[in-house]
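Okay, structure first, notes after.
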Amino acid sequence: MDTLDATQAAPQRRSRGARPQRGHSGRALGVPYIVRNIPTYDILGEENLLKIEKVAERILSEVGIEFRDDPVALDHWKKAGANVDGVLVRFEPGMLNEIVSSAPSQFTQHARNPAHNVEIGGKNVVFSPAYGSPFVMDLDKGRRYGTLEDFRNFIKLAQSSPWLHHSGGTICEPVDIPVNKRHLDMVYSHVKYSDRAFMGSITAEERAEDSIDMARIVFGKDFVDRNCVILGNVNVNSPLVWDGTMTKSLRAYARANQAAVIVPFILGGAMGPVTNAGAIAQSFAETLAGCALTQLERKGAPVIFGNFLSSMSLRSGSPTFGTPEPAIGSMVIGQLARRLKLPLRCAGNFSNSKLPDAQAMQEGVMSMLSAVHCGANFILHSAGFVDGLLAMSYEKFVMDTDFCGALHSYLAGVVVDDNTLAMDAFLQVGPGSHFLGCDHTMRNYQTAFWDSALSDNEPFEKWSEEGGSTDMATRANRLWKKTLAEYEAPPLDVAIDEALLDYISRRKTSMADAWY
């Protein structure tokens with residue numbers, strides 16, 4: 001069976017300011033990830049950052065965090081010197097910062113195609129699809145429960161986009177598969193229909209271990225022990241509770257030297273304070289504790305400092321997404337994560353809209369730009385998120401990936417060199433003429449501007465007469481269908497495929513179906 005070798009070369013980084021190649025087939029991707037060429041947006045000064053960190057330390061030392069249903073985690077904390085009282089753990093100021101100092105500030109997540117390895121941390125930015133929706137929707141069939149076919153369709157759409165870098169994880173829940181077995185089909189689908197990096201299950205320790213075992217089949221056991229090949233996204237049960245389901249999965253990934261993404265999900269006014277600074281302090285404390293636990297399980301294991309701030313309607317109690325307060329709060333989270341020297345997952349393309357409409361894109365742009373400016377390295381929920389994450393929209397998925405294309409150019413910044421300063425063009429054109437046919441334009445026209453696959457830039461008459469007066473959602477509907485019709489799966493070694501199917505068969509046979 002072919003497996004990856006640890007000596008495989010890392011992906012070649014594009015030079016600063018280089019534009020992604022054009023093309024929209026999964027076989028002609030532009031870049032494996034983005035190297036940002038614009039600075040982060042740091043909005044708080046040192047005094048205010050220290051105030052937030054001080055409150056987080058007081059939460060950790062005076063209030064504490066509960067670690068439920070995981071005696072091993074409590075033993076880790078006792079040995080590390082924390083104050084453990086039943087399931088409540090309190091931490092001396094500075095203790096967790098010291099523990100997380102062993103985590104890498106940047107690491108490679110390997111893909112089965114080494115050309116698609118991603119670098120997580122530093123100035124690198126990785127776009128990944130949205131995660132966790134039980135429903136899917138499109139303009140033809142409306143909103144419905146997700147199936148394995150939908151799950152695989154979104155993997156194919158992600159693989160076909162030159163603007164995403166990662167296959168993601170639970171893009172939607174395949175509810176037609178038993179709960180205790182669907183993780184096997186999901187991991188297999190990521191391997192079969194994509195050759196990019198992917199995420200595994202976290203809904204039970206044994207499902208996390210299954211995901212890692214399947215990754216070992218793909219990459220080889222020794223390679224996996226030395227390198228990150230799979231991520232697990234674990235959530236705090238805010239406020240201030242880590243439950244055993246999450247910590248056991250967290251520890252399973254860390255134990256195998258794989259990266260856990262540590263993420264509180266705080267609705268301001270419900271699972272955290274209604275005020276931004278207090279919610280940031282709480283989330284910082286919760287995430288820091290989870291990151292530290294990975295290092296107690298295996299020192300030096302990769303970990304991603306995650307965050308998901310959100311607001312809520314205080315009139316109805318409904319969650320709201322894509323609002324300005326969490327977006328600006330993400331800027332502060334980015335500053336705090338950089339002080340810890342940890343890779344960051346923060347914000348994404350969020351929306352509460354029930355359709356791929358103006359609200360969806362307005363909210364999505366607000367939250368996605370906050371991810372870009374706060375310095376997030378791994379941006380989960382980059383495409384498809386509608387209805388407060390209850391649904392994945394086919395149309396919004398391709399609309400969002402198109403927007404991700406624009407962000408590639410945005411993050412490239414402004415390149416200043418002899419070519420971009422264009423003095424030769426000024427000398428050739430002179431006053432009163434135009435630049436359309438000059439040599440400089442001809443040399444640069446193919447890469448000068450990002451070219452949307454969905455926007456209509458034609459005159460009104462052509463749009464109405466030849467284009468059918470379509471809006472972007474309608475054009476997106478046509479594009480995702482065309483993309484799936486033309487999709488071709490990347491090659492997969494036959495022996496690896498057979499070994500994965502054998503593993504899945506044995507695991508499914510070993511347990512009865514469970515639907516909860």
Legend entry - Side-chain ion pair, D502 and R506, N-O less than 4.0 Å: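 Counted as a salt bridge, because a side-chain N and a carboxylate O are separated by less than 4.0 Å.
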Legend entry - Summary of salt bridge (Lys or Arg N to Asp or Glu O under 4.0 Å) pairs that have at least one residue in residues 340-361, sequence neighbours excluded: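 The answer is none; no pair qualifies.
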Can you name the salt bridge (Lys or Arg N to Asp or Glu O under 4.0 Å) partners of [X], sequence neighbours left out?
{"X": "K156", "answer": "none"}
{"X": "E173", "answer": "R182"}
{"X": "R143", "answer": "D387"}
{"X": "R251", "answer": "D70, E297"}

Inset, instruction - Name all residues meeting the side-chain contact (heavy atoms from CB on, under 4.5 Å) criterion together with K481; count only those two or more places apart in sequence or in a different chain, and write none if there are none. - result: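 Listed in chain order: D140, N477.
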Legend entry - Residues that T147 engages under side-chain contact (heavy atoms from CB on, under 4.5 Å), provided they are two or more places apart: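 Checked T147 against side-chain contact (heavy atoms from CB on, under 4.5 Å); matches are E149, D150, D176.
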Going by side-chain hydrogen bond (donor to acceptor under 3.5 Å, both in side chains), name the residues that satisfy it together with [X], two or more places apart in sequence or in a different chain.
{"X": "W242", "value": "none"}
{"X": "K248", "value": "none"}
{"X": "R507", "value": "D210, S510"}
{"X": "S351", "value": "E363"}

Legend entry - With Y503 via ring-ring contact (aromatic ring centres under 6.0 Å, His included) - residues at least two apart: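 For Y503 there are no ring-ring contact (aromatic ring centres under 6.0 Å, His included) partners, ignoring immediate neighbours.
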